[in-house]
Amino acid sequence: MKPGFSEALLGWFDRSARPLPWREAAGSGYRRDPYAVIVSELMLQQTQVATVIPYYERFMARFPDFESLAAASETEVLKYWEGLGYYRRAKNLLALAVMVVSRYQGVLPCEKKELLKLPGIGPYTAGAILSFAYDLPEPAVDGNVVRVLSRLDAIPHLQGDPKSQRAVRERVAALFPPCRAGDFSEALIELGAAVCTPSAPACQACPINRYCLAFSLSAVMDYPRRRKDLPKPASQLTYVLIREGELVYCRRRSKGLLSGLFEFFSLSGKYGKQEEGHVRPAIEAHLGAKVIKLDYVGENRAVFSHRIWEMAFWEAEVSGGAGLIPRDGPDAPQGSLLPVSVESLAGLPFPAFLAAWRDDFISRREAQ
DNA sequence: ATCCGGTGCG
DNA sequence: CGCACCGGAT
């Protein structure tokens with residue numbers, strides 16, 4: 001690399017870095033608080049900065065350190081994660097806090113090998129912790145950095161490809177300046193997020209464009225190569241928000257997609273406005289209760305990384321169901337419905353596409 | 001409608 | 001190494 005590269009990047013970072021809540025200086029010898037780095041980096045996996053900011057603020061106010069988080073219930077942690085997606089990250093974060101408190105006396109290790117043993121910590125996040133918190137010259141290679149380096153060297157890396165990630169890690173390791181490792185690491189990511197963006201890079205404003213091979217070849221958009229996404233199979237289902245008096249029947253998904261989150265009663269198959277004649281007997285058969293009132297609410301789609309759900313929403317009022325429902329508490333196995341009071345409904349974690357409906361339902365009940 | 005993205009498992 | 005895992009921005 002020509003001389004002046006890291007100076008140009010760091011100078012731009014000093015002028016332009018956004019003042020993000022997790023970039024506050026830490027006390028006590030760390031560049032940044034390791035706990036704050038973990039929370040923000042777990043949230044930032046697969047998720048945009050603007051989305052994360054309010055979640056981070058609420059989470060850190062409620063769980064300010066490993067100890068407070070380790071003592072929390074999974075349901076409460078998921079509630080603070082509600083709407084952020086990829087809920088396994090929240091469960092990993094809780095498990096990590098428990099391990100840090102029980103096995104490391106509340107102090108995060110500062111060795112890559114140890115960090116990689118913790119749940120939710122892979123090569124990127126380990127590098128981010130080591131460079132952001134401990135100021136060590138460990139590469140933190142995320143999608144931004146792969147893109148920046150792919151363009152800088154005009155190497156057609158394949159996004160998400162482990163071989164490309166490894167190659168970029170080695171390249172970044174060789175680029176570290178003699179000091180300011182943490183700032184350098186963050187600057188590469190910041191540049192990818194703010195300047196060297198995927199579809200509309202601001203090359204004219206880029207502080208390192210004179211070092212960029214793809215720019216000099218007028219071929220920036222050729223790098224990196226995008227992985228072609230697989231087709232997403234669609235499935236159809238029907239959700240029914242069943243109310244009996246001041247109770248709503250919910251269940252908790254125990255594995256796979258959205259596991260740990262709550263949902264309403266569901267049927268496979270999408271039954272729309274015209275198919276009340278199928279929905280009503282299905283509810284009555286499952287609950288052993290009489291449906292007093294049944295309203296079609298609408299339809300919705302949930303697009304996941306690998307599949308699509310096409311859904312119809314109904315609301316039902318029943319009587320005579322409560323005696324037949326096992327009252328197993330919040331960790332009841334998947335499939336068994338439990339009655340939840342309308343007041344406590346807002347405190348349970350639901351996937352985003354149901355949370356909006358739930359909140360609308362609650363405000364309609366309050367308006368009465 | 002399309003684009004974007006780390007970790008962990010088998 | 002392919003696939004499972006979400007939601008918001010554009």
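In the text below, chain A, chain B and the rest are named by the order of the sequence lines, each starting its count at 1.
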Taking N and O atoms by type only, does the side chain of A/R89 place a donor or acceptor under 3.5 Å from a partner on the base of B/dT7?
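No, no donor-acceptor pair under 3.5 Å.
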Any N/O donor-acceptor pair, A/Q48 side-chain to C/dG8 base, under 3.5 Å
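Donor-acceptor pair under 3.5 Å: no.
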Could you tell me whether the phosphate oxygens of [N], OP1 or OP2, come under 4.0 Å of any side-chain nitrogen or oxygen in [X]?
X: A/H306; N: C/dC5; answer: yes
X: A/T125; N: B/dT7; answer: yes
X: A/Q159; N: B/dG5; answer: yes
X: A/R147; N: B/dG5; answer: yes
X: A/Y86; N: C/dA4; answer: no

Under 4.0 Å between any heavy atoms, over every strand shown, what does [X] touch: base, sugar-phosphate, or nothing? Just pick one.
X: A/I121; result: sugar-phosphate
X: A/Y124; result: sugar-phosphate
X: A/Q46; result: base
X: A/S305; result: base
X: A/L42; result: nothing
X: A/L118; result: sugar-phosphate
X: A/P119; result: sugar-phosphate

Between A/R226 and A/G160, whichever has its closest DNA chain B nucleotide further toward 5' is A/R226
Closest-nucleotide ordering on DNA chain B, the 5'-leading residue of A/S199 and A/G120
A/S199
Selection from C/dG7, B/dG6, B/dT7 that lies nearest to any side-chain heavy atom of A/P123:
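Nearest listed nucleotide: B/dT7.
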Which nucleotide sits closest to the side chain of A/P351: C/dC5, C/dG7, C/dG8?
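Among the listed nucleotides, the one closest to the side chain of A/P351 is C/dG7.
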Once you round it to whole Å, what is the distance between [atom2] of [N] and [atom1] of [X]?
X: A/K117; N: B/dG8; atom1: NZ; atom2: C1'; answer: 17 Å
X: A/R307; N: C/dC3; atom1: CZ; atom2: P; answer: 13 Å
X: A/M43; N: C/dG7; atom1: CE; atom2: C1'; answer: 14 Å
X: A/I308; N: B/dT2; atom1: CD1; atom2: C1'; answer: 11 Å
X: A/Y87; N: B/dG6; atom1: OH; atom2: P; answer: 18 Å
X: A/R301; N: C/dC6; atom1: CZ; atom2: C1'; answer: 14 Å
X: A/Q45; N: C/dC6; atom1: CD; atom2: P; answer: 13 Å
X: A/L93; N: B/dG6; atom1: CG; atom2: P; answer: 17 Å

Plane angle bin for A/Y239 and A/F353 - parallel if under 30°, tilted between 30 and 60°, otherwise perpendicular
tilted
For A/F184 and A/F176, take the angle between the two ring planes, folded into 0 to 90°, and tell me which bin it lands in: parallel under 30, tilted 30 to 60, perpendicular over 60.
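Judged by the thresholds at 30° and 60°, the geometry between A/F184 and A/F176 is tilted.
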Taking only Lys NZ, Arg NE, NH1 and NH2, and the carboxylate oxygens of Asp or Glu, determine whether A/D183 and A/R31 approach each other closer than 4.0 Å.
yes
So does A/E114 have more than 12 non-hydrogen atoms from other groups sitting under 6.0 Å from CD?
yes
Any chance CD of A/E310 has more than 12 other-residue heavy atoms, nucleotides or ligands included, within less than 6.0 Å?
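Result for CD/A/E310: enclosed.
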Is the centre of the A/W357 ring less than 6.0 Å from the centre of the A/F264 ring?
yes
